[in-house]
Amino acid sequence: MTRAYNFNAGPAAIPLEVLEQAQEQFVNYQGAGMSIMEMSHRSALYEEVNNSAQALLRELFGVPENYHVLFLQGGASTQFAMLPLNLLQEGRPAAYVQTGAWADKAIKEAKNVGDVTIAASTKEDHYMRTPNLSEIEIPSNASYLHLTSNETIGGTQFHEFPVTGDIPLIADMSSDILSRPLDVSKFGMIYAGAQKNLGPSGVTVVIIRDELVKAGSKSIPAMFQYATHAKSNSLYNTPPSFSVYMVSLMLQWIKSKGGVSQMDQLNRDKTKLIYDRIDQSGGFYKGCAQANSRSLMNITFRMETEELEKLFVKESELQGFVGLKGHRDVGGLRASTYNAVPLSSCQALAEFMADFQKRNG
Ligand SMILES: Cc1ncc(COP(=O)(O)O)c(C=O)c1O
């Protein structure tokens, strides 16, 4: 079988080794005579999957003891609402950094719940950069500061984070979790839909400091309270068991490749191939994000005309590339290079870009 050069933005590439391991265990998980999907989520075998996925995430990302690792449902989009429902307090605005389409969605949901203040915005720059830390103004009575560590659509990424003192820093890391080492203790909460860097869709990871779980509102429905899920080890209701299982395999794969620092190095090597091709094209390819805000996960670029971009996508598809069309809201081109995208796919794309320029430049 020929594997596609998969640059999808999410759901996205999963390593072949992980897929093959899942295939091997698909029908008969550990000799149980049934698949993981057919098994009670209260069974010892599933509990082991749930616990080992949590433990591996803690180990790989250096999650401190006083944090919970939760596996929830509803995608990162549900977190846009669940976060303010739990932590936006009366008389204490939630501060948001506005860096693009995903931050905008998070802001919109928070406004449905309470007072929101924009701590910094790069809207005037068409979201083609992240703000300098000195631009971020946090009210001293803020409930929390929220930012989107990687804007999947615009292709920008924070390369350093504000220090927020007693105000909890909350990050939507849907598109860059586990792509680089971070000091988790600097964040009050991190959340991410799994379908980019952690495996398949269907499960959302929430890493949250214990004091924030305790501080969460008790007057919202039980399913929306972080405390409910923390208390029950993410087994309050039926979990997305197959997705959690796939995340556990993906985490084992990251560990086997040397962990998060190795992912970081690999992601740098991969994206350099493509950014160099853009920068050395004499303007034939134009990178969208400003240089110091460029994402190591989503490379966004444009060409002189939309016709040329369409031709690029069409020809790339004929050569086995998938997912290079930009998001429908912004157009252009985008290559998503998450952890599971191999270096060889990026080499192939850099070569294709050079060849396409030769023929059309
Ligand atoms: C940065 C970011 N946040 C949130 C989301 C929404 O995630 P979900 O589809 O899991 O709700 C996405 C999806 O692409 C994303 O890229």
Side-chain angles (χ1 to χ4, degrees), residues 6-14 70-85 94 96-110 112 121-123 127-131 145-159 161 169-180 182 187 189-207 223-224 229 234 239-240 242-244 246-247 250 267 288-289 293-300 322-330 332 334-341:
N6 186 350
F7 290 96
N8 277 331
I14 293 178
L70 310 176
F71 296 129
L72 307 185
Q73 298 186 65
S77 302
T78 296
Q79 293 310 307
F80 293 162
M82 205 163 148
L83 164 68
L85 282 170
Y96 277 74
V97 183
Q98 188 182 31
T99 46
W102 291 112
D104 269 339
K105 288 202 167 158
I107 291 166
K108 206 169 156 206
E109 283 291 63
N112 287 329
S121 174
T122 56
K123 194 170 183 176
Y127 296 138
M128 285 305 114
R129 67 179 186 94
T130 51
L145 176 74
H146 177 281
L147 57 79
T148 311
S149 56
N150 185 80
E151 280 284 356
T152 322
I153 295 175
T156 62
Q157 188 175 27
F158 276 89
H159 295 295
F161 292 96
L169 175 61
I170 315 280
D172 173 3
M173 288 196 192
S174 290
S175 48
D176 66 351
I177 191 166
L178 286 198
S179 68
R180 54 180 170 174
L182 285 180
F187 297 84
M189 179 178 126
I190 291 167
Y191 64 92
Q195 65 271 20
K196 299 161 200 300
N197 261 333
L198 292 179
S201 60
V203 59
T204 309
V205 169
V206 172
I207 301 169
M223 265 303 277
F224 300 153
H229 302 285
S234 301
F242 191 74
S243 295
V244 173
M246 287 299 291
V247 167
M250 184 70 193
N267 290 329
C288 297
S293 300
R294 279 177 165 177
S295 166
L296 297 189
M297 298 279 100
N298 310 97
I299 302 172
T300 50
V322 174
L324 293 172
K325 193 163 178 264
H327 189 275
R328 61 187 182 281
D329 287 350
V330 295
R334 170 175 61 174
S336 298
T337 53
Y338 304 122
N339 284 346
V341 174

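Both counts, for ligands and for their atoms, begin at 1 and track the order of listing. Only heavy atoms go into these numbers, but all of them, side chains included; no hydrogens, no water, no symmetry mates.
The protein non-hydrogen atom at the shortest distance from atom 14 (O) of ligand 1 is Lys196 NZ, 2.7 Å. When only non-hydrogen protein atoms are considered, atom 7 (O) of ligand 1 lies nearest to Ala76 CB, 3.5 Å. When hydrogens are left out, the protein atom nearest atom 9 (O) of ligand 1 is Gln195 NE2, 3.5 Å; that is the closest non-hydrogen contact. Atom 6 (C) of ligand 1 has Trp102 CZ3, 3.5 Å as its closest protein atom, hydrogens excluded (heavy atom only). Counting only heavy atoms of the protein, atom 3 (N) of ligand 1 lies nearest to Asp172 OD2, 2.6 Å.
Between Val203 and Val244, the shortest heavy-atom contact is CG2-CG2, 3.9 Å. The two atoms that bring Phe161 and Arg180 nearest to each other are CZ-NH2, 3.5 Å, heavy atoms only. The nearest pair of heavy atoms linking His229 to Leu72 is CG-CD2, 3.4 Å. Scanning all heavy atoms of the two residues, the minimum distance from Asn6 to Asn8 falls at OD1-N, 2.9 Å.
Considering backbone and side-chain N/O of Ser77, one or more are found under 3.5 Å from N/O of ligand 1. Of the N or O atoms in Ser175, none lie within a sub-3.5 Å distance of an N or O in ligand 1. For the pair Thr152 and ligand 1, the shortest N or O to N or O distance falls below 3.5 Å.
Residue Ser174 has at least one heavy-atom neighbour below 4.0 Å for each of these atoms of ligand 1: 1 (C), 2 (C), 3 (N), 4 (C), 15 (C). Those atoms of ligand 1 with a heavy atom of Gly75 less than 4.0 angstrom away are 10 (O), 11 (O).
Side-chain polar atoms of Asn267 and Asn339 form a donor-acceptor pair below 3.5 angstrom. In summary, the side chains of Asn298 and Tyr338 do present a donor paired with an acceptor at a separation below 3.5 Å, with no hydrogens or angles considered. Between the side chains of Gln195 and Ser201, no donor-acceptor pair of N or O atoms lies under 3.5 Å.
Between Tyr191 and Phe80, the ring planes are perpendicular. Angles over 60° get that label, and only those under 30° would be called parallel.
Residue contacts with ligand 1 for Glu151 are absent, since no atom lies close enough (heavy atoms, distance under 4.0 Å). Counting heavy atoms closer than 4.0 Å to ligand 1, residue Asn150 contributes backbone atoms (N, CA, C, O) but none from C-beta onward.
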